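Lettering follows sequence order; numbering is per chain, from 1. Values in this document were obtained by computation on a predicted structure and should not be read as measured data.
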Protein chains: 2
Amino acid sequence: MKKTYSIKEVATYFNLPISTIRYYDKKGLLPFVSKNTSGYRIFSKSDFGFIKTICCLKNTDMPIKDIKTYIDLCMRGISTIDQRKKMLNQHKENVLKKQRILERNLFEIETKINRYSSDDSVEIIKKQIDFVQDEKEQLHLKNPFILGRKAFFWTNNLKRSLI
Amino acid sequence: MKKTYSIKEVATYFNLPISTIRYYDKKGLLPFVSKNTSGYRIFSKSDFGFIKTICCLKNTDMPIKDIKTYIDLCMRGISTIDQRKKMLNQHKENVLKKQRILERNLFEIETKINRYSSDDSVEIIKKQIDFVQDEKEQLHLKNPFILGRKAFFWTNNLKRSLI
DNA sequence: TTAAACCCTAAACCATAGTTCATAGCAATA
DNA sequence: TATTGCTATGAACTATGGTTTAGGGTTTAA
């Protein structure tokens with residue numbers, strides 16, 4: 001009835017390497033975990049709740065140090081509710097910011113993918129390359145493309161003859 | 001008319017430390033940047049386009065190595081369009097996955113915030129603590145809370161007397 | 001009771017993404 | 001032409017988040 005869990009069971013449950021759990025413990029993230037007389041970690045069911053919270057914060061990129069701070073607040077009982085709330089609200093803002101950054105940049109990536117997928121992707125890219133090469137030439141800067149102008153046109157002609 | 005830009009101007013434009021730009025160059029992310037006879041990096045306007053792409057990939061957590069791979073593909077011209085598209089599609093999947101993870105976990109965080117914000121947050125947390133303490137006691141494991149049972153009840157009474 | 005499977009710690013090691021420092025060369029301006 | 005402010009490199013250093021290894025104890029099941 002009164003079941004406890006080994007580090008391996010916890011690792012399996014949370015799909016984490018055992019070494020990571022030991023590392024978290026060393027960093028002070030698991031002050032709630034008991035040890036038996038031989039020094040083995042003994043996890044109880046309620047520890048899973050704490051660890052789930054740790055994973056949640058980790059999944060949203062909270063640094064280990066801040067997670068420790070949060071867990072330490074939790075261990076101090078009801079008197080820290082306000083501080084915990086403040087921490088989570090700040091963290092929520094960080095996550096929202098990250099979401100906006102991902103959203104914006106994902107849109108750019110999709111734009112590129114569409115360009116690469118379009119029927120005239122080759123013509124589009126050729127024009128881009130031409131533009132860069134023209135500019136670099138005017139400024140007397142080296143042509144950054146592996147195939148220089150000549151080779152590029154040669155590829156161009158080859159492509160035509162292949163059609 | 002034919003304007004070029006110093007590393008400082010680029011750094012300012014992209015809001016990046018100069019050291020980071022040098023670091024990216026060392027890692028091979030900036031093969032398109034020229035140097036003058038004194039070894040100074042000379043950026044052209046079209047370089048800004050490449051760097052914007054680098055920032056876009058960095059903002060979505062693509063590793064430096066992979067960004068280098070992508071940029072190298074770009075420098076090889078139209079023959080690599082398919083590979084580039086594949087890379088970006090894979091990356092897009094990664095970003096979508098990250099978005100889902102953030103979404104899920106943000107929801108959990110908001111749930112916690114709401115709990116901490118509710119009128120009976122103190123009662124809720126007290127019950128949580130009680131549950132953990134009961135379980136730990138039954139399993140003969142140490143009480144992980146800083147204030148033990150007695151101290152907790154004392155706090156409890158104190159709280160009541162304060163009302 | 002013994003082998004296989006587990007668990008422990010400490011310390012070294014690794015990858016990633018930069019930053020800082022020492023030293024020195026170039027550029028613009030007064 | 002001298003000072004100030006840029007620029008360069010290489011090497012060392014930092015921080016983060018782990019993983020690996022060495023050496024050794026514990027548990028379990030046949």
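- Using a 3.5 Å distance cut-off with no hydrogens or angles, the side chains of B/K112 and A/T53 do pair a donor with an acceptor.
- Salt-bridge formation is detected for the pair B/K98/A/D61: a Lys NZ or Arg NE/NH1/NH2 atom is positioned less than 4.0 Å from an Asp or Glu carboxylate oxygen.
- Of the candidates B/K85, B/Q83, B/R84, B/K86, B/R84 is the only one forming a side-chain hydrogen bond (donor to acceptor under 3.5 Å, both in side chains) with A/Y116.
- In the model, A/Q90 has a side-chain atom that pairs as donor or acceptor with a side-chain atom of A/N94 under 3.5 Å.
- Near DNA chain D, meaning a heavy atom under 4.0 Å away, the residues from residues 5-16 of chain B are B/S6, B/I7, B/K8.
- Within the 4.0 Å cut-off from OP1 or OP2 of C/dT9, at least one side-chain nitrogen or oxygen of A/K35 is found.
- A heavy atom lying under 4.0 Å from DNA chain D marks the following residues of residues 55-72 of chain A, by number: A/K58, A/P63, A/I64, A/K65.
- A salt bridge is defined here as a Lys NZ or Arg NE, NH1 or NH2 lying under 4.0 Å from an Asp or Glu carboxylate O, and B/R76 with B/D72 fails to meet this definition.
- Applying the 4.0 Å criterion to OP1 and OP2 of C/dT20, one finds that B/S19 has every side-chain N and O outside that range.
- Contact footprint of chain B on DNA chain D: nucleotides with an atom under 4.0 Å from a non-hydrogen protein atom, first to last in 5' to 3' order, D/dC6 to D/dT9.
- With A/F48 as the aromatic partner, A/K52 does not meet the cation-pi criteria of under 6.0 angstrom to the ring centre and within 45 degrees of the ring axis.
- Using a 4.0 Å cut-off between a side-chain N of Lys or Arg and a carboxylate O of Asp or Glu, A/D134 and A/K127 do not qualify as a salt bridge.
- If you check C/dA17, C/dG25, C/dC7 against the side chain of A/I18, the one that comes closest is C/dC7.
- Between B/D47 and A/K136 there is a salt bridge, since at least one side-chain N of the basic residue sits less than 4.0 Å from a carboxylate O of the acidic one.
- In terms of position on DNA chain C, the residue among A/I42 and A/K26 whose nearest nucleotide sits closer to the 5' end is A/I42.
- In this model, the phosphate group of C/dA11 is not approached by any side-chain N or O of A/R22 to a distance below 4.0 Å at OP1 or OP2.
- Distance A/Y23 OH to C/dC14 C1': 13 Å, rounded to the nearest Å.
- The distance from atom CG of A/D25 to atom C1' of C/dC8 is 11 Å, rounded to the nearest whole Å.
- Among the nucleotides C/dC8, C/dA27, C/dG18, the one closest to the side chain of B/Y24 is C/dG18.
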